[in-house]
Amino acid sequence: MKEKISNHLSEIQDFKAESIEKIEAFRIKYLGSKGLLKQLFSEFKEIDPSLKKEIGQSLNNLRNAANDKINELKDALDNNLSEKKVYGDLTRPGESIELGARHPISIVKNQIIEVFSRIGFTVSEGPEIEDDWHNFTALNLPEYHPARDMQDTFFIETDPDILLRTHTSSVQVRYMESHKPPIRTISPGRVFRNEDISARSHCIFHQIEGLYIDTDVSFADLKQTLLYFTKEMFGKSKIRLRPSYFPFTEPSAEVDIYWGLETETDYKITKGTGWLEIMGCGMVDPNVLKNADIDPEKYTGYAFGMGIERIAMLLYQIPDIRMFYENDIRFLEQFKSEI
Ligand code: DAH
């Protein structure tokens, strides 16, 4: 028996294998439920008690050697595999690098910027954390003005003068304070309102503000610019201006475009009318010009403001505003081919 054990031991020590299948066959041969060690241990029960100590020890050694061998071969195989991954076949085609997609809000924002930059508008930005003056007071919304309630505001708890801007109209004021007319600028940015989140509205969204100030700017200029924009952006050339109210413009209007009633979705999004509201606009109120030290006797201007999410939802038929902020890769990936 001693000899048998030592033969097996040298067989185990000399064993080599380069595949997981061979290692497994080896394991079954020695350590399996009907393996050699099992057999040897049952033979061991029959031997002379005086030999038991010595043979028992060599049997244990044999079992340990088989286990060690298996671990050693498996480790070698793992190392070999990971090395092959790096240095293996150098003529293999490389792994392709997945390109990301631009966020639909950025795509639409860039498109709007592009359309307005073609007619001489520059891009300007302002802070998201604003003071009362730029967000409200300078825009003809003094303290206690009822129209302040049109936009539920997030205030900074310790200072009622500081807030999260509720619209990008605040950038109008900043721009007029630091630039002299002629002014042609659009201001994209994030805005905040203390509103319940639903499929239609969110407490964080994006707007683009437009401002044009020069001598002799008229409402006709505003209308022509809006017409140009809707043609370029949506390919639609029928718009209407509905009288409205904003404290910072006089007169003020809301802009609707004729979307049509060709599909079922058209019916749904236009509530059966064919018309869709896309922005607010008007002639800059003389008080707003005065607040920014621009002489309203000399200069006039127009302004407009639109929600980027709303426009993206129309263009891509996105049914729920929350989809923009969930970062679901299955949603975002669909915009890969866009600019
Ligand atoms: N600030 C308005 C809002 O958030 C949008 C707006 C309306 C901007 C008319 C303007 C404007 O510049 O003239 O609802």
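Whatever order the structure lists ligands and atoms in, that order sets their numbers, starting from 1.
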Open item on the list: Using a plain distance cutoff, I'd like to know if Phe246 has any nitrogen or oxygen under 3.5 Å from a nitrogen or oxygen of ligand 1.
Closed with: no
(message) Evaluate Arg193 for polar contact with ligand 1, using N/O atom pairs at a separation under 3.5 Å.
(response) yes
For atom 2 (C) of ligand 1, the closest protein heavy atom turns out to be Phe248 CZ, 3.9 Å
In this structure, atom 10 (C) of ligand 1 is nearest to the protein heavy atom Glu209 OE2, 3.4 Å
Closest non-hydrogen contact found for Leu241 with Cys281 is CD2-SG, 4.2 Å
Shortest non-hydrogen pair, Arg190 vs Arg165, comes out as O-NE, 2.8 Å
Looking at Gly305, Ser169, Gly301, the heavy atom closest to atom 1 (N) of ligand 1 belongs to Ser169
Under 4.0 Å from any heavy atom of [X], which atoms of ligand 1 are there?
X: Gly282; answer: 13 (O)
X: Cys281; answer: 9 (C), 11 (C), 13 (O)
X: Ala303; answer: 12 (O), 13 (O)
X: Gln207; answer: 3 (C), 4 (O)

Would [X] count as a contact residue for ligand 1, given that I'm defining contact as a non-hydrogen atom of the residue lying under 4.0 Å from a ligand atom?
X: Gln172; value: yes
X: Met279; value: no
X: Tyr302; value: no

Counting heavy atoms under 4.0 Å, the part of Met306 that contacts ligand 1 is neither
Mark yes or no for whether Glu254, through its side chain, and Ser244, through its backbone, hold a donor-acceptor pair below 3.5 Å. no
Heavy-atom count around Lys52 NZ within 6.0 Å, excluding the residue itself: above 12?
yes
For a 4.5 angstrom cut-off between non-hydrogen side-chain atoms, does Gln111 reach Ile311? no
query = Under the ring-ring contact (aromatic ring centres under 6.0 Å, His included) criterion, do Phe15 and Tyr30 qualify, and how do the steps go?
reply = CA-CA 12 Å; Phe15 181 75; Tyr30 284 97; 8.0 Å; no
Tested for side-chain contact (heavy atoms from CB on, under 4.5 Å) against Thr230, the lone hit among Asp256, Val115, Ile239 is Ile239
Verdict with reasoning, Tyr316 to Phe335, per ring-ring contact (aromatic ring centres under 6.0 Å, His included): CA-CA 10 Å; Tyr316 297 115; Phe335 300 92; 5.0 Å; yes
Lys/Arg N to Asp/Glu carboxylate O, Glu98 vs Lys336, below 4.0 Å: yes
